[in-house]
Amino acid sequence: MAFDIEMIKAVYARIPQRVAAARKAVGRPLTLTEKILYAHLTEGPASQAYDRGKSYVDFQPDRVAMQDATAQMALLQFMQAGRDQVAVPSTVHCDHLIQAEVGAEKDLNKAKEKNREVYDFLASVSNKYGIGFWKPGAGIIHQVVLENYAFPGGMMIGTDSHTPNAGGLGMIAIGVGGADACDVMAGLPWELKFPKLIGVKLTGKMSGWTSAKDVILKVAGILTVKGGTGAIVEYFGEGARSLSATGKGTICNMGAEIGATTSIFGYDEKSAAYLQGTGRADIAEMAKGIAEHLTGDEEVYANPEQYFDQLIEINLSELEPHVNGPFTPDLAWPISKFAAAVKENGWPAKLDVGLIGSCTNSSYEDISRAASLAQQAVDKKLTAKSEYTITPGSEQVRFTVERDGFLDTFGQMGGVVLANACGPCIGQWARHGAEKQEKNSIITSFNRNFAKRADGNPNTHAFVASPEIVTALAIAGDLTFNPITDTLTNDEGQQVKLDEPKGLELPTKGFAVEDAGYQAPAEDGSKVDVIVDPQSDRLQLLASFPAWEGTDLKDLKLLIKAKGKCTTDHISMAGPWLKYRGHLDNISNNMLIGAVNAYNDSTNRVKNQLTGEYGEVPATQRHYKAAGIGSIVVGDENYGEGSSREHAAMEPRFLGVRAILVKSFARIHETNLKKQGMLALTFANPADYDLIQENDTIDILGLTEFAPGKQLQVVFHHADGSKDTIAVNHTYNEGQIEWFKAGSALNLIKAAAN
Ligand code: SF4
């Protein structure tokens, strides 16, 4: 991975200069987060201070990581950029599409068969463009990234919401949509609103049953699922330095559950030990050389209330193990209060399944601590009352814990080892009997526990806890069991107590693996063909969107006037449609089917102006497209809020919608529309929304003089022969107007590459 070392050297050469310049620009000591952000500005040294929570700033991330489900469209788009290679080191990880049913080997083989076309595509496109490919079974993206690619002071974007896991090793790592990943791989800057900063000061030291997971379970209880929105959470203090790198990863990983942009810890001895333990002593040495810049300034940590927008303090010596849930990860219960909560709320006390692993908690430390309890169950003649599964985070961890006997111990306790993949965590769990929708309880060491997430059963009460607590409760088979105070009756009728779990942060014999599952890309990918079956209904190569015709747009039809909330979910629904996310034509059949038509308050029922009939939105739009007629979509406030889903911008573009005219946009969606060459317009006077009528034909005028800050005109020709002409605003800058003219941002990159 020489590509990486050279990149890291360049980053480490830049950091000291940038930090000095940023300190001058900001005029005060800096937090760690600020140092790394300023070190990754696209434009030269920091010459100004940015307003937290207000300024939009361009960054140049060092890496991109993609999981298999989201990589498909990102890479299909990247193929449009006309580049021979990715601009920054990038990897693809096949982890989301493996369904857990009976056990690792069989499940993996079945997934390889079922998803062959997706894997073949991802492997070949990675090979061609210089992208590292981690095969199905290699592990879960975030664990593999932590073991191989995360480095202190770096910046990474990833097409998965738990990308922040790498913050455990001091990296600013942020989850994004596929379009952003595509841009960064193509060499474009990446825009982020300069975040607010939440400081979490950790004092004391954990012991006994408490683990790193309990820190984030506690923080989630304090901040709730929205409390971190628009903020980066920076952990510091003696308590932070006492946590293992993987423990820190757990905390940062689950920062996604409080809505944080990302979370981060500074570089310390634990980071160095983990880098050394995972074969990266050279990076540890380099980091040591600039260690003072890989943590916040002393003055900041001495008086944190002056430098953070919000401050939380947690004493690890007093922190109890927590269980969070059900149905939301921020309903936090210290274990001493949990049994009473179970009884008071009537949650099923009988525990059906305990599941450990996932990207959140599948380190060597996690598994060794859980195994110490499994061993006690065997030694103390306790038969586990619940089903119990283990999902290792990577083949390296799996191989090592097998070598060290832990998998065998779990087996003796009745545990089932699942494939190194997301499995039940993302609903890829063929749980037998789930279709009966019975009320039941499960507990996992995962991060999300929203209704239906694991097994599709809305009545499954899912709780989240550390692997140690999950294991103890699975042995007891009872949610009201508190392993710190309670005893269990063993097979011989004796009362026994579980001792505190014990484990190792890193394997004493070192990590080992026979085949980690990595496939390096070809040195020269020019001769490599990308494999896409033309008959596939899951994958389709993209064609470039046409360039602007150079004239005003006339005689457009109104496709839909959407009323009220219209999120990216309403525009491009998830669920069963996800399997088509690599096939733009097929997934376009969900376009706007969740939007409410202002004229009849129905979803997916709009008037086809060519036939006068009412029909589904995608079918109506396809009719217009076939007739060579463009259309517009009209929307309400904050159109396109929700997850940054590029399909929500690509689908209307693909089906021939020419403009989206709304009262206001969610900014990310507005940018996504611009990137796809769409017109994203807002009413200068929001009340003009009421002027549009169902049978209108529409002109958009002023495009030949399209310029930043200059309004366009829109004419509504009504069926009775009258018309209204209104002014509309836009936020296109010069560069974005060029995207529009070229037909898309990628078309422009391609033109520059040729
Ligand atoms: S293990 Fe779960 S949280 Fe982690 S990447 Fe997979 S689906 Fe997402």
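Counting from 1, the numbers follow the sequence of the chain as shown. Since this is a predicted model, take the numbers as computed values, not measurements. Just the heavy atoms: all of them, side chains too, but no hydrogens, waters or symmetry mates, feed the values below. When a ligand or atom number is given, it counts from 1 through the structure's own listing order.
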Check ion pair [X]-[Y] (N to O, under 4.0 angstrom):
| X | Y | value |
| --- | --- | --- |
| Glu365 | Arg369 | no |
| Asp569 | Arg645 | yes |
| Lys112 | Asp107 | no |
| Glu101 | Lys106 | no |

What part of [X] sits under 4.0 Å from ligand 1 if we count only heavy atoms: the side chain, the backbone, both or neither?
| X | value |
| --- | --- |
| His142 | side chain |
| Asn447 | side chain |
| Asp160 | side chain |

Looking only at protein heavy atoms, which one is nearest to [atom], and how far off is it?
| atom | result |
| --- | --- |
| atom 4 (Fe) of ligand 1 | Cys359 SG, 2.2 Å |
| atom 6 (Fe) of ligand 1 | Cys422 SG, 2.3 Å |
| atom 2 (Fe) of ligand 1 | Cys425 SG, 2.3 Å |

In this structure, does ligand 1 have an atom that sits under 4.0 Å from one of the heavy atoms of Arg453? yes
Please lay out, stage by stage, how Phe133 and Tyr518 fare under the test ring pair (Phe, Tyr, Trp, His ring centres under 6.0 Å). CA-CA 6 Å; Phe133 179 70; Tyr518 178 67; 8.9 Å; no
Any N/O/S atom, side chain or main chain, of His162 closer to atom 2 (Fe) of ligand 1 than 2.8 Å? no
Please lay out, stage by stage, how Glu395 and Asn420 fare under the test side chain to side chain donor-acceptor pair (under 3.5 Å). CA-CA 6 Å; Glu395 175 57 14; Asn420 312 318; 2.9 Å; yes
Report whether any nitrogen, oxygen or sulfur of His96 sits less than 2.8 Å from atom 6 (Fe) of ligand 1 (N, O or S, backbone or side chain). no
Do His93 and Thr91 have side-chain N/O donor and acceptor atoms under 3.5 Å apart? yes
